[in-house]
Amino acid sequence: MNIAIIGATGNVGSRILEEALRRGHSVIAIARDASKIAARANVTARSADVHDTAALAAALQGADAVVSSGRFANFKAADLLPAVKQAGVKRLAVVGGAGSLEIAPGKALIDTPEFPAEYKPEASAGRDFLNDLRNEKDIAWTFLSPSALFVPGERTGKFRLGQNQLLVAADGKSSISYEDFAIALLDELEQPKHVRARFTVGY
């Protein structure tokens, strides 16, 4: 598969790139500055401004699937979806956020008093992005939300999947490493089980 990764130099995007290569896929690595992407086998580096639909569509040309790993505060679904369609790509996976996950029926994590104020703008934009995706009928999209604590760690391959509820381990923690998140996302691209849906991953 030829996988285009928007935000390929970021914390999560770089792990997704490594996981894709590990599995034998080719990668179109997209960043604002493609010179930051190291030259290596099976990686094509392309520069694109995510707010320039024509430029982003051109960068996505030839992809079988697109992975979006941009920050929601500066990158909306309205910026992404037209470019994906212009490029003729039918499969889209979005690196989501945990804020929109439910901790109780009808109650999202972002709406709790304990949710850190500094993360609210990004989390709120992520919820808006997901809501916009839910109105999208032409693209086979998937939105993968991490657990509450989303940090660098080990690639263990041992995790749980859920739907719209925050996953919490027996010790009360809700967490997932970037590396294991990348496994879950590549699993979904290779064997789609959550098309036009959100799911989540955690320990």
Could you check whether any side-chain N or O of Asp180 sits under 3.5 Å from a backbone N or O of Gly157, counting only pairs where one atom can act as donor and the other as acceptor? yes

Answer yes or no: are there more than 12 heavy-atom neighbours, outside Glu154 itself, under 6.0 Å from its atom CD? no

Identify whether the distance between the nearest side-chain nitrogen and carboxylate oxygen of Lys193 and Glu188 falls below 4.0 Å. no

Charged N to carboxylate O under 4.0 angstrom, Glu136 versus Lys85? yes

Between Arg71 and Glu122, is the closest basic N to carboxylate O distance under 4.0 Å? yes

Got a donor-acceptor contact below 3.5 angstrom from the Arg196 side chain to the Trp141 backbone? no

Using a cut-off of 6.0 Å, state whether more than 12 heavy atoms not belonging to Lys36 lie near its atom NZ. no

Are Arg32 and Ser47 close enough that a side-chain donor and a side-chain acceptor fall under 3.5 Å? no

Walk me through whether Asn2 and Ser26 qualify under side-chain hydrogen bond (donor to acceptor under 3.5 Å, both in side chains). CA-CA 5 Å; Asn2 196 11; Ser26 298; 4.7 Å; no

What are the two closest heavy atoms between Ala184 and Val201, and how far apart are they? CB-CG2, 4.0 Å

Which word best sums up how the rings of His51 and Phe75 line up, parallel for under 30°, tilted for 30 to 60°, or perpendicular for over 60°? perpendicular

Taking the basic N atoms (NZ, or NE/NH1/NH2) and the acidic carboxylate oxygens, is any pair closer than 4.0 Å for Arg155 and Glu19? yes

Can you find a side-chain donor-acceptor pair between Arg198 and Thr142 that sits under 3.5 Å? no

Minimum heavy-atom distance Ala117-Pro121, with the two atoms named: O-CD, 3.6 Å

On a heavy-atom basis, which atom in Ser175 and which in Ser147 lie closest, and how many Å separate them? N-CB, 3.4 Å

Carboxylate-amine/guanidinium proximity below 4.0 Å for Asp187 and Arg23: yes

Heavy-atom nearest pair, Pro146 first then Leu101, reads O-CD1, 3.5 Å

Can you name the closest pair of heavy atoms from Leu167 and Gly162 and give their distance? CD1-N, 3.9 Å

What orientation do Phe181 and Phe150 show, parallel under 30°, tilted 30 to 60°, or perpendicular over 60°? tilted

Verify whether one side chain among Tyr203 and Ser174 offers a donor that lies under 3.5 Å from an acceptor in the other. no

